[in-house]
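Working notes, beginning with the structure itself.
This one's a predicted model, so the numbers in the text were calculated from it and none came from an experiment. Naming convention: chains lettered A, B, ... in sequence-line order (proteins, then strands); numbering from 1 in each chain.
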Number of protein chains: 4
Amino acid sequence: MMRRVTPEVRKAGTGAGGRPRDPELGPAVLAAAAELVVRRGYHGVRMEELAQLAGTTKTAIYRRWPSRAAVLLDLVAQRMPPPVEVDAVLPSGMAGSAENEDVVAASRLLARSLSDPAVVHCVMGLLAEAVHQPELGAQFRAKLIEPQIAAADALVAAAKKAGRCPPWVSGALLADIMTGSVLQHVVVRGQPADDAFFAELAQFVGNALR
Amino acid sequence: MMRRVTPEVRKAGTGAGGRPRDPELGPAVLAAAAELVVRRGYHGVRMEELAQLAGTTKTAIYRRWPSRAAVLLDLVAQRMPPPVEVDAVLPSGMAGSAENEDVVAASRLLARSLSDPAVVHCVMGLLAEAVHQPELGAQFRAKLIEPQIAAADALVAAAKKAGRCPPWVSGALLADIMTGSVLQHVVVRGQPADDAFFAELAQFVGNALR
Amino acid sequence: MMRRVTPEVRKAGTGAGGRPRDPELGPAVLAAAAELVVRRGYHGVRMEELAQLAGTTKTAIYRRWPSRAAVLLDLVAQRMPPPVEVDAVLPSGMAGSAENEDVVAASRLLARSLSDPAVVHCVMGLLAEAVHQPELGAQFRAKLIEPQIAAADALVAAAKKAGRCPPWVSGALLADIMTGSVLQHVVVRGQPADDAFFAELAQFVGNALR
Amino acid sequence: MMRRVTPEVRKAGTGAGGRPRDPELGPAVLAAAAELVVRRGYHGVRMEELAQLAGTTKTAIYRRWPSRAAVLLDLVAQRMPPPVEVDAVLPSGMAGSAENEDVVAASRLLARSLSDPAVVHCVMGLLAEAVHQPELGAQFRAKLIEPQIAAADALVAAAKKAGRCPPWVSGALLADIMTGSVLQHVVVRGQPADDAFFAELAQFVGNALR
DNA sequence: CTTTAATCGAGACGGTACGTCCTGTCTTATA
DNA sequence: TATAAGACAGGACGTACCGTCTCGATTAAAG
């Protein structure tokens, strides 16, 4: 007997029938969350108000995300720029680059991950909550941090092969330094992440990679 | 006209008569807060439980601090190691040091500010709350960050005068990089701040200061 | 002008075409409701669980009944024994009965209306809901109470004609006393409706009718 | 050593110090509940609205009562008239009363327990909830029913001693009949509990007690 | 044999209330 | 005046349930 194949492969979670999820609802919630998080901060995102602003109800939100933290985590994952792409920074023909300007440029991109204020506010709140909520921390790292580290590793590996990076530098270290410095500068010290700061940082890193 | 003193959050010893404050109570609260913050994280520090663990009541705590954040801020201020002392790192007779090992050593001290887990957890929570609570952020920076920057500035100035530091390096940048990298490594990525990491970081900084 | 028939709660078989209703589904729902109402009480009958126990879905139930109360009302109407039939109790030839044992026997039947625990639980819940839901109350009385009163009235009229019942006794009063006493005894006081109680009650009524 | 006696025996639950409960708050909640229950019925009493109407908050209500049902139970207990007092009905000098009018009068009082509409609505809702919530049912009976039964028992015992009541009549039976009949008449059938009904009922009972 | 129309299972949706939890303020009696 | 004790107002949380809705699939009678 031939298995009956459903004519259309459904993309919704469980697989079978039922009223399909409103496709506009999820994005609307994330957009509302982004607005609220910059208006009121991480703890100012109240589920009731979030639902109202998104034109829906708490119930619908909790059907998609298990908690408020999960919503904000998804918000960050969506707004965070994708990690550095090696090929975009180290084009094949660029082999004999006089200095290591290409690696430095890539590092600048890494640092600019935290340029969106909504992202910054969410990240702080999530980290504070994740400290003693291991599952949240694991998801946070899997969704946001590990791709970044992987990209940095690939970047460093390519640079090493081309002789433009000392062998003792690791991608993880580079990522820690770039994003960490921005975090400290912006969030902890409350300073603007302007071009002057990025220039200083780039010069520091460029000097270290000599 | 006599200024009306709000009974709450009065500094101890303002007036004359009355029962004196129990001098052991304040420290007991901070100790209990340190224990709770590592057990349950920043948001896990409930005022009722904190009071109970410190052997007192909420009333007594709120007489000393205006809010939960203020308690945790004081906790950090107390547990945070004092900022680097220039004289301890750059002794007068050490002038012609072959390399820049002394500045690197000072930077390591700067980085080790965040070695206490209680401090790390508090800092994250306080920052998350401070994002939309400007007064808290100002106090945070005045108590914790500005002394650090000042110390780093003094350190860098002395090193520059001795020719062991490039002129484009600022103390603020050095502090941002050192503490920020540790913050990222420990809190965001959840990695241990062990000697291997500090060594990598020191080598990076040492290379940059050449 | 053709009347627009709302698709919901349509009587089965109104129009022509279309898939016919599953005839086993309605009874299955009532049976499941009976089971649930004795297991968990009136408010414990959740529509989702009811549907699942009946092997169907909420949709199918709401196509047949407009609300949860309507389902339970139908359950009572089905499980409630039919009201007393005069002829069954007062056979024509039994005219000169020495006592009034026949009326007493009829009253016992009246009282036994509430012997089914599912019925008792439903009745309580329905009444509680009907207090401020006049339409539900009206349906409740029309379906369950008025037939009982009518039967009691007929019974009393026949008994009066045969001289076995004082002229000041009405069927409504008799019904109130018999069913009300059982309600109080069983539901309010939580006592079993056993033979001893019915005997006591019958003796009381028999004495009153002398 | 003499035990220190607190100068004033506190009536509040736990016994020791602390801010005393607002004595007006409990009565205000019960009054508000009475108003809401007649306006909207048992299920229409929402905790939030109840709190607001009483000029307080949900928290304060839940500190005094464990659940909504407990509030309404207390409301009934307060509004329900006290059970019949034998001495008030059977004065010592009234021994040779021609008929049994005194017992009948007492029964009428018994029946009038359900004259308050707020009481009736609450009783119905409580009973519906108590069906499968044994603890609530037990409290309901202990607070409301058992005193009534005890009073009826005392009444019947005194009447028997004076020869104005048949030996086979129990107080419980009399209470079941009186209150149950009213319950049925008012709640189930939706008829008014007017004098005509009470007269009919009294005549029936008076006849039975002959 | 196709069209039509109503049913079915499945499950998302808006809405509403629940009871819990926590913060920061207050009101007592006692030390 | 400080303390322990605990009630208070206020507000958000996440859960649970109701009754409605929107799908695709199914099932018969009508055309």
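- C:H43 has its ring centre less than 6.0 Å from the ring centre of D:H43.
- With DNA chain E read from its 5' end, the first of the two nearest nucleotides for C:T57 and D:A69 is the one closest to C:T57.
- D:T59 has no side-chain polar atom (N or O) that falls below the 4.0 Å cut-off from OP1 or OP2 of E:dC21.
- Rounding to whole angstrom units, CD of residue A:E129 and P of E:dC22 are separated by 14 Å.
- Comparing E:dA10, E:dG19, E:dC13 by their nearest atom to the side chain of A:A60 picks out E:dC13.
- At the heavy-atom level, D:R46 lies under 4.0 Å from the strands shown only through sugar-phosphate atoms.
- Nearest-nucleotide mapping onto DNA chain F: of B:K58 and A:R68, the residue sitting toward the 5' end is B:K58.
- Of the possible polar contacts, none joining the D:H121 side chain to the C:H132 backbone as a donor-acceptor pair under 3.5 Å is found.
- Atom-to-atom, CD1 of D:I61 to C1' of F:dC8 comes out at 13 Å; the value is rounded to the nearest Å.
- In this structure the side chain of D:Y42 reaches within 4.5 angstrom of the side chain of D:R68, judged on heavy atoms.
- For the pair A:D22 CG and F:dT20 P, the computed distance is 20 Å after rounding to whole Å.
- Computed from coordinates, the B:M47 CE to F:dA5 P distance equals 16 Å when rounded to whole Å.
- Counting any heavy atom pair closer than 4.0 Å across all strands shown, D:G55 reaches sugar-phosphate atoms only and no base atom.
- Between the CZ atom of A:R21 and the C1' atom of E:dG14 there is a distance of 16 Å, given to the nearest Å.
- The CG atom of A:L25 sits 12 Å away from the P atom of E:dA12 (whole-angstrom rounding).
- The side chain of C:S67 lies closest to F:dG19, out of F:dG19, E:dC8, F:dC8.
- Heavy atoms of other residues, nucleotides or ligands lying less than 6.0 angstrom from CD of D:E49 number more than 12.
- In this structure, A:Q52 places its CD atom 12 Å from P of F:dA12, rounding to the nearest Å.
- If you check every strand for non-hydrogen atoms under 4.0 Å, C:G44 touches nothing.
- As a whole-Å value, the separation of C:H43 NE2 from F:dC18 C1' is 13 Å.
- Between D:R19 and F:dA5, a side-chain N or O to OP1/OP2 separation shorter than 4.0 Å is absent.
- Annotation for A:A33 and A:L50: closest pair N-CD1, 3.3 Å, computed over non-hydrogen atoms.
- With the nearest nucleotide of DNA chain F identified for both D:T56 and C:P20, D:T56 has the one nearer the 5' end.
- For C:R63, a side-chain nitrogen or oxygen approaches OP1 or OP2 of E:dC8 to under 4.0 Å.
- The phosphate of E:dC13 (OP1 or OP2) has a side-chain N or O of A:R64 nearer than 4.0 angstrom.
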